[in-house]
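Letters A, B, ... mirror the listed sequences (proteins, then strands); counts begin at 1. Predicted model, so just to flag it, every value in this text is computed and none were measured.
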Amino acid sequence: MDQSNSLRNGPDEDGHFGTYGGRFVAETLMPLILDLEEHFAAASRDEAFWSEFNELLKHYVGRPSPLTFAPRITERFGGAKIYFKRDELNHTGAHKINNCIGQILLARRMGKTRIIAETGAGQHGVATATVCARFGMPCTVYMGETDIERQQPNVFRMRLLGAEVRPVSSGTRTLKDAMNEALRDWVANVEDTFYIIGTVAGPHPYPAMVRDFQAVIGNEVRAQIVEAEGRLPDTLVACIGGGSNAMGLFHPFLDDAGVRLIGVEAGGEGVETGRHAASLTAGRPGVLHGNRTYLLQNDDGQINDAHSISAGLDYPGIGPEHAWLHDVRRVEYVSVTDAEALEAFQLCAELEGILPALEPSHALAHVAKLAPDLGADHLLVMNLCGRGDKDVFSVAEALEVEL
Amino acid sequence: MSDRIDARFRQLADERRAGLVTFVTAGDPNPSESRRLLAALPRAGADVIELGMPFSDPMADGPAIQKSSLRALKAGQTLANTLAMVGEFRASDDATPIVLMGYYNPIFSYGVERFLEDATRAGVDGLIVVDLPPEADSELCLPARAYGIDFIRLATPTTDDRRLPRVLRNSSGFLYYVSIAGITGTRVGETDVVAGALARIRAHTKLPIAVGFGIRTPEQASRIAETADAVVVGSALVDAVEQAPENAAVAVCELVETLKAGVLSARKA
């Protein structure tokens, strides 16, 4: 098959997806980034690496995650046939662990002895702390003070798993500041430390590497939907903060022109209010955290605060491959508000007996708008990328319920 | 490339002494006090001025410069204001080199060509852009050189002999050696380790070498000045701004005078 027109060939050797991506880091980190790139390329070619990865996904994470038909949601929306990809059933409760397994295996291969990570909602922090416990490596997780307040259960989980959670009080005290602080740690501990980035962003090779570890989601969906329905799906929907669950789902389908791909950003209080996290809908290209991508920023190029009820989507940027897929119009990007996500959260609990995380509740809120206009033979797969246990306190607060 | 930077390092070599490079953030603590401070630095002893372009997310900086950036932004500083400050400074000082230091996004947002035109007109001599490694030279480094503006590169303890030629390739003006692997303002490298690193780098380049990240006292400045061509002080100065925002120009200049005395007391190796 001719690969020259494939949308799955990126990035180029300098880490570019179109004009996005790249390696915008301080000189201290450049040798590390180049070293990481070499090791990842070598691991990618090594069957033993992938078989260890797959073995852990199967027996430790519990993959493959099911593809579940959602009968009552389908009936309620009255249109497309809706399936959930159940990545919330993974060990630790979200898709984040897929990537952490891959990166910690790479860290071990490189002889690194200490792990650092950033976290927003705490899901990536918990997943990182988990793999560090499993492999006996010390772990430091940076988390914004604002996020620590709204994600207490995950903070305690990380500590139970033996990780040190370092509160970040700089800037807006959310995910972007946690990432700044993790980069500062890395630059000061270059010899022994491996930085496990949680999403498809950061300097090359992270966006490609995280995508490749998350592509297990889309690859499983491909096999599972064919088994269930005898054909590929018509539409895939996933929520987007940095965009790792969406990229993992979409990437195996990029060259299937008949599969419509939709990424759902966090519209916060409404894109028109300025209090949101919809970088593609309302941002413009810039450079932050090692890559060029769409960013929420002011006229002077200063990064704006993001806002979302979901801490996991509360980031002013997005992975560079998404920026490119947006520009070439292969993926549609839309946004839904906090209120819409909250409504979808409750609906999913009531109708399907599943508490989704607030992040995929955004995806479901868009499905609610989309599905009624589609035919009953239209196959729609939504990535239910995380479970909502961590969110019950913030949902209760938003609904003004006292626990 | 920049005549002012070359002339200043030639002068330092003639005088057989190291230079003092002072970093302050443009617009910190507010626009008017920052202008006063900038104008007063040369007389206090600054041989070269690094002027920080504040950024909301200064990933390579420690707490002192982070806070300084946020103070400046809160007081309304923009990149356009920073360039205007340089233009105003140039009207009364045509000799002291000014190097703008910061991160790429505000420049990218301003527009690279427009930025270089305005920077040239204002009298900017060099640029240090922390998140633009040599791999990204086509973004700003090569266009800046076409305007005669030096692109000053950081070399660090992780820059080994294999990587050094790449770092030096499009560098001009001077080289900034970061004495530690870490963020600004935290600690300073051991004197003999720094001396060893400088000897290694000098085998690759004739560019003057400034050493910084973490130098806070006249004693540290003196020790580094024994081997470096220039000593960079930043976090200590912006700390002084934080402690005396009403009187920042005077407070910083007093500190610069003592640091300069430290630099001048060094015996050149």
Side chain / backbone / both / neither for [X] at chain A, heavy atoms under 4.5 Å:
{"X": "B:Asp61", "result": "backbone"}
{"X": "B:Val178", "result": "neither"}
{"X": "B:Ile107", "result": "neither"}
{"X": "B:Val167", "result": "side chain"}
{"X": "B:Pro54", "result": "backbone"}
{"X": "B:Ala181", "result": "both"}
{"X": "B:Gln77", "result": "backbone"}

* Asked: Taking atom CG of A:Asp299 as the centre, does the number of heavy atoms from other residues, nucleotides or ligands within less than 6.0 Å exceed 12?
  ->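 No.
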
* Would you indicate whether B:Glu117, at its atom CD, is surrounded by more than 12 heavy atoms from other residues, nucleotides or ligands within a distance under 6.0 Å? =>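 Check passes, neighbour count above 12.
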
* Asked: Can you pull out the residues in residues 182-195 of chain A with any heavy atom less than 4.5 Å from chain B?
  ->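 Residues A:Leu183, A:Arg184, A:Val187, A:Ala188, A:Val190 are the ones that qualify, each having a heavy atom under 4.5 Å from chain B.
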
* Within residues 23-33 of chain A, which positions have a heavy-atom distance to chain B below 4.5 Å? ->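 The list, in residue order, reads A:Arg23, A:Phe24, A:Val25, A:Ala26, A:Glu27, A:Thr28, A:Met30, A:Pro31.
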
* Asked: For chain A, which of B:Thr158, B:Thr156, B:Asn105, B:Ile180 has the most heavy-atom pairs under 4.5 Å?
  ->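 Maximum pair count with chain A is reached by B:Asn105.
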
* chain A: which of B:Asp57, B:Val130, B:Leu132 shares the most heavy-atom pairs with it under 4.5 Å? ->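 The residue among B:Asp57, B:Val130, B:Leu132 with the greatest pair count is B:Asp57.
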
* Kindly assign one of parallel, tilted or perpendicular to the pair A:Tyr294 and A:His326, based on the angle between their ring planes and the thresholds 30° and 60°. =>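 Perpendicular.
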
Between [X] and [Y], does any side-chain N to carboxylate O distance fall below 4.0 Å?
{"X": "B:Arg166", "Y": "B:Glu135", "value": "yes"}
{"X": "B:Glu33", "Y": "B:Arg35", "value": "no"}
{"X": "B:Asp160", "Y": "B:Arg163", "value": "no"}

* Are A:His289 and A:Asn180 close enough that some pair of their side-chain heavy atoms sits under 4.5 Å apart? ->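 The answer is yes; the side chains approach within 4.5 Å.
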
* To do: Please tell me if the side chains of B:Arg153 and B:Leu168 come closer than 4.5 Å, counting only heavy atoms from C-beta onward.
  =>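 Sidechains of B:Leu168 and B:Arg153: no contact.
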
* Asked: Relative to chain B, which segment of A:Asn304 carries a heavy atom at a distance below 4.5 Å: side chain, backbone, both, or neither?
  ->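 Looking at A:Asn304, nothing touches chain B.
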
* Asked: Regarding A:Arg211 and the six-membered ring of A:Tyr206, is the cationic atom NZ or CZ under 6.0 Å from the ring centre and inside 45° of its axis?
  ->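 Output no; distance or angle outside limits.
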
* To do: Kindly indicate whether a cation-pi arrangement holds for B:Arg114 with B:Tyr110, taking the cut-offs as under 6.0 Å to the six-membered ring centre and within 45° of the axis.
  =>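 That pair qualifies as a cation-pi contact.
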
Donor-acceptor contact below 3.5 Å, side chain [X] vs main chain [Y]:
{"X": "B:Lys67", "Y": "B:Glu242", "result": "no"}
{"X": "A:Asn291", "Y": "A:Leu288", "result": "yes"}
{"X": "A:Gln297", "Y": "A:Pro285", "result": "yes"}
{"X": "A:Asn99", "Y": "A:Lys96", "result": "no"}

* **Stepwise side chain to side chain donor-acceptor pair (under 3.5 Å) test for B:His204 and B:Asp161** => CA-CA 9 Å; B:His204 291 264; B:Asp161 283 329; 3.1 Å; yes

* Asked: If you count heavy-atom pairs under 4.5 Å with chain B, which of A:Glu181, A:Met179, A:Arg284 comes out on top?
  ->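 It is A:Arg284.
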
